[in-house]
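Structure first, then comments.
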Amino acid sequence: MTAGLPEWLPAQLRHAYDNAPAVRRLMDQVPVAPEDIRTTDDLVRIPVTTKDRLLELQHADPPFGGFLAVPPAELRHVFVSPGPLFDPQGPDELGLGFQRAFRAAGVGPGDIVLNTWSYHLVPAGLVMDEALLDVGATVVPGGVGNSETQAELILKLGVTVVLGSTQFFITLAETLTGRGHRLPDEWKVRLAFLGGEFGDWMAKRKRLEQQYGLTTSSAYATGDVGLIGYECAAQEGYHVGDNLVVQVCDPTSGEPLPDGERGEVVVTTSNRAYPLVRFGTGDVSYALPPCSCGDPAMRLAPLQGRVGQAVKAKEIFIYPRQAEETGLRLAGVDRAQVVVTRNGSRDHVLLRLETQEAAPGLVEQASQAFLALSRMRPDEVRCEAPGAIPADEPLVVDRRQP
Ligand SMILES: [Zn+2]
């Protein structure tokens with residue numbers, strides 16, 4: 001890819017180089033100067049800083065590992081993610097970009113939003129609160145738990161939008177129906193803005209939409225970067241805002257991959273306080289073709305898992321989501337698992353399927369489905385009885401001897 005870069009990037013890199021010692025070190029090591037970076041190919045010369053590496057740097061040079069590029073007194077908040085990883089929020093980063101997601105979902109003046117994300121330590125609850133106020137909505141700061149009380153609030157306050165994990169939203173709805181309330185007749189909720197799940201999450205969302213008379217939306221965000229992608233009405237992956245440069249990269253080499261290939265989501269931000277450059281989120285996704293909504297912006301597929309869960313066989317990474325999705329695409333298959341072993345000097349890729357009875361052609365269908373998802377044909381497809389794949393085993397297993 002030699003595409004041009006957004007207009008803000010040169011000034012951002014200069015600012016980061018001058019003010020964030022960690023960014024200066026990264027660029028001096030190459031070496032490359034901010035002015036040398038004119039294309040995405042140039043940007044790729046800067047090595048990826050993984051989340052683990054960021055944690056190491058923060059431990060070695062607390063609290064922000066040399067990435068802070070404004071005086072500490074200017075910070076709005078310091079959030080604490082598991083690690084502990086410190087996420088500074090600068091003066092210009094109100095809402096950490098979530099305004100885009102809420103506007104795209106049609107949230108605005110007149111909406112009463114129950115926000116059930118955590119307001120403690122982590123950014124989620126508080127930054128979404130900021131963004132909701134910014135787009136003109138009214139917020140009920142519910143926070144985590146208290147499902148009985150929060151469910152009642154939805155009715156008493158006429159809540160129109162609920163923010164939370166998919167599971168907590170279901171808990172709230174079932175709390176109300178369990179008390180004899182008829183939904184959707186008795187509530188005004190028109191939008192559930194939900195945290196993502198693996199598995200057949202889109203089908204689950206469709207069921208919730210029909211059952212409770214609402215639409216659903218979602219976004220992709222991390223504590224370090226804030227909002228990375230948001231859904232449009234098409235609900236097909238996450239649009240990336242023009243305030244970020246997002247690349248899908250080979251997790252080993254850091255090189256950008258062709259559109260459609262799975263790899264690590266690597267983000268360069270326009271955040272002046274915390275100017276992460278080529279930050280490796282550890283999340284796995286792939287770039288989708290332009291959206292049916294007409295917005296030409298880059299679009300990421302729903303997350304496929306974490307980089308550390310991948311197993312490399314025959315020079316190709318296999319991700320748990322590919323095993324899971326292979327199973328979802330095959331009628332009569334409950335579960336699928338990929339097991340990689342070594343056969344002499346060759347990797348052997350076994351696709352295991354749990355099924356009541358193997359329909360004719362299932363093996364070939366499974367082989368095709370896995371090929372379409374992973375660009376690799378399994379060496380062997382084995383149909384097994386339900387329960388054969390231990391529930392606590394990963395969906396991709398590496399059984400090669402070191
Ligand atoms: Zn779209």
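Every number for a ligand or one of its atoms is a count from 1 in the order of the listing. This structure is a prediction, so every number in the text was calculated from the model and none was measured.
Taking CG of N243 as the reference point, atom CD of E93 lies at 8.0 Å (rounded to 0.5 Å).
Annotation: Y230 is not in aromatic contact with F102 [ring centroid separation under 6.0 Å not met].
In the model, Q365 has no side-chain atom that pairs as donor or acceptor with a side-chain atom of R329 under 3.5 Å. Side-chain polar atoms of Q337 and E393 form a donor-acceptor pair below 3.5 angstrom.
Taking 2.8 Å as the limit, the number of protein N, O or S atoms around the Zn ion (ligand 1) is 4.
Looking only at side-chain heavy atoms (C-beta outward), T166 and W201 come within less than 4.5 Å of each other. Contact of the K314 side chain with the R346 side chain is registered, since non-hydrogen atoms from C-beta on lie closer than 4.5 Å.
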